[in-house]
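Computed from heavy atoms alone, side chains included, the values below leave out hydrogens, waters and symmetry copies.
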Amino acid sequence: RLHVGDSVPLGGLTGFTGKGKIVGEFATFPTVNPDAKYAMVADYATFLAATFGPGVFPREPDDYWLTARESALDDVARKLRNAPFSSASVVTRAEALTKLALDPVSLGTMGSLIMGLIAASALAAIGFIVNVVVTTRERSGHFALMRAVGMSTRQLLYWVGIENGITVGFALIIGTGLGLLLSNIVLPLTAVTQQGTKVVPDLIVIHPWGSIALLNAGLLVVLGVAVTMAARILNRLDLATLLREGEE
């Protein structure tokens, strides 16, 4: 029940019986267990000055955070691992990123998702093209009648294109919106560590708009292929035969 600006007794700290003033708050902090009910972060130099006194030994830090140029990271890490420092553990940001990028669990999950995306997209594209071709053939008698009353092949092609374009347009809008919704809901719930615990800090969902645009462009290409195949069918219509058979 404390807030920024309140004072809190710090008797639990070694050799320190005074009070501290809360100057800020945070939700998560590196090396602090996210499941902890509360934690305090203090400036080390200020803490040493406040606890300084006869018979009080300075409390040594458990770890050190260093800033270094990207080009010098490997050299700094190597020196810290060797004498005279002989650090028990040295972790650089680059090494951590490499470890995460090569995590077999993450790679397996991403691979499965990508394969599923490719397979689903391919099946949907083939099914859409086949549907347009079959529908155009089944309506050949109706198209022949339209040609007979004065419509041109180009007008019929526009007709077919608009019909299927509306379907594709709804697919782009609804599919993209549903994908964004599911990614924001599902991904944070499925992001866990190798031990099955929640990742810290929380996952930030980033939408790759470039990839989304490419996928939507691919759907437009599929529409173009379907309309092209429908155009070939319309150009081969035998008006006399179809009208003589009495089809509509």
>> Could you work out, with side chain to side chain donor-acceptor pair (under 3.5 Å) as the rule, every residue matching S211, not counting sequence neighbours?
In response: none
>> I need the R139 CZ to W159 CH2 distance, nearest 0.5 Å.
In response: 5.5 Å
>> Suppose we screen for side chain to side chain donor-acceptor pair (under 3.5 Å). Which residues come up paired with S183, at least two apart in sequence or across chains?
In response: H207
>> Just verifying a value: how many Å separate W209 CH2 and L214 CG, rounded to the nearest 0.5 Å?
In response: 13.5 Å
> To which residues is I114 joined in a hydrophobic cluster, defined by side-chain heavy-atom contacts under 4.5 Å among Ile, Leu, Val, Met, Phe, Trp and Tyr, whether direct or through other members?
Replying inline: I118
> At their closest point, which heavy atom of A39 faces which heavy atom of F26, and how far apart are they?
Replying inline: O-CZ, 4.2 Å
>> How long is the straight-line distance from OG1 of T176 back to CD1 of I173, given to the nearest 0.5 Å?
In response: 8.5 Å
> More than 12 non-hydrogen atoms from neighbouring residues, nucleotides or ligands closer than 6.0 Å to OH on Y44, yes or no?
Replying inline: yes
> Looking only at heavy atoms, which two atoms of I22 and V8 are closest? And how far apart?
Replying inline: CG1-CG1, 4.4 Å
>> Going by side chain to side chain donor-acceptor pair (under 3.5 Å), name the residues that satisfy it together with D74, two or more places apart in sequence or in a different chain.
In response: none
>> Tell me every residue that passes salt bridge (charged side-chain N to carboxylate O under 4.0 Å, His left out) with R137, counting only those two or more places apart in sequence or in another chain.
In response: none
>> Taking salt bridge (charged side-chain N to carboxylate O under 4.0 Å, His left out) as the definition, give me every residue that meets it alongside R69, ordered by chain and number, with sequence neighbours left out.
In response: none
>> Please enumerate all residues that pass side chain to side chain donor-acceptor pair (under 3.5 Å) together with E70, with sequence neighbours excluded.
In response: R93
>> Is there a side-chain contact (heavy atoms from CB on, under 4.5 Å) between L156 and V160? Walk through the geometry before answering.
In response: CA-CA 6 Å; L156 291 177; V160 174; 5.6 Å; no
> Tracing side-chain links under 4.5 Å among I, L, V, M, F, W and Y, which residues wind up in one group with V130?
Replying inline: I126, V134
> Under a 4.5 Å side-chain heavy-atom rule over Ile, Leu, Val, Met, Phe, Trp and Tyr, are F85 and V76 clustered together?
Replying inline: yes
> Hey, mind stepping through E95 and R81 against salt bridge (charged side-chain N to carboxylate O under 4.0 Å, His left out) and telling me if it holds?
Replying inline: CA-CA 14 Å; E95 292 173 348; R81 292 187 179 105; 3.0 Å; yes
Report, one line per pair, each donor and acceptor closer than 3.5 Å where one atom sits in a side chain of residues 220-228; sequence neighbours left out.
from: T228; atom 1: OG1; to: G224; atom 2: O; distance (Å): 2.7

> Who are the side-chain contact (heavy atoms from CB on, under 4.5 Å) partners of D62, not counting sequence neighbours?
Replying inline: none
> Looking only at heavy atoms, which two atoms of G5 and K21 are closest? And how far apart?
Replying inline: O-CE, 3.8 Å
>> Could you report the tightest heavy-atom contact between K19 and S7, atom names first, then the distance?
In response: CD-CB, 4.4 Å
>> Using side-chain heavy atoms (C-beta onward) and a distance below 4.5 Å, is T28 in contact with V32?
In response: no
> Do you know which two heavy atoms are closest between V132 and N164, and how far apart they sit?
Replying inline: CG2-OD1, 3.2 Å
>> To the nearest 0.5 Å, what is the distance between OG1 on T92 and CG on L73?
In response: 6.0 Å
> Where the side chain of D6 meets the backbone of L2, is there a donor-acceptor pair that is under 3.5 Å apart?
Replying inline: no
>> Under a 3.5 Å distance rule, please check whether S87 uses its side chain to pair with a backbone N or O of V90 as donor and acceptor.
In response: no
>> L117: which residues meet the side-chain contact (heavy atoms from CB on, under 4.5 Å) condition with it, sequence neighbours left out?
In response: S121, L215
> Is any side-chain heavy atom of I129 closer than 4.5 Å to a side-chain heavy atom of M229?
Replying inline: yes
> Given the rule that I, L, V, M, F, W and Y join up when any side-chain heavy atoms are under 4.5 Å apart, are L180 and I204 in one cluster?
Replying inline: no
>> Could you see if L178 belongs to whatever hydrophobic cluster contains V205? Use Ile, Leu, Val, Met, Phe, Trp, Tyr and a side-chain cutoff under 4.5 Å.
In response: no
> How many angstroms lie between atom CG of L48 and atom CG of D43, to the nearest 0.5 angstrom?
Replying inline: 9.0 Å
>> Measuring from atom OG1 of T135 to atom CG of N131, what distance do you get when rounded to the nearest 0.5 angstrom?
In response: 4.0 Å
> So, do L80 and Y64 sit near enough that their side-chain heavy atoms are less than 4.5 Å apart?
Replying inline: no
> Would one find more than 12 heavy atoms of other residues, nucleotides or ligands at under 6.0 Å from atom CG of L189?
Replying inline: yes
>> Using the rule given for side-chain contact (heavy atoms from CB on, under 4.5 Å), can you reason through W65 versus T31, listing the C-alpha separation, both sets of side-chain angles and the distance that settles it, and then say yes or no?
In response: CA-CA 11 Å; W65 299 353; T31 73; 4.0 Å; yes
>> Hydrophobic cluster membership, with links at side-chain heavy-atom distances under 4.5 Å among I/L/V/M/F/W/Y: are I212 and L219 in one?
In response: no
> Which residues satisfy the ring-ring contact (aromatic ring centres under 6.0 Å, His included) test with F170, sequence neighbours excluded?
Replying inline: none
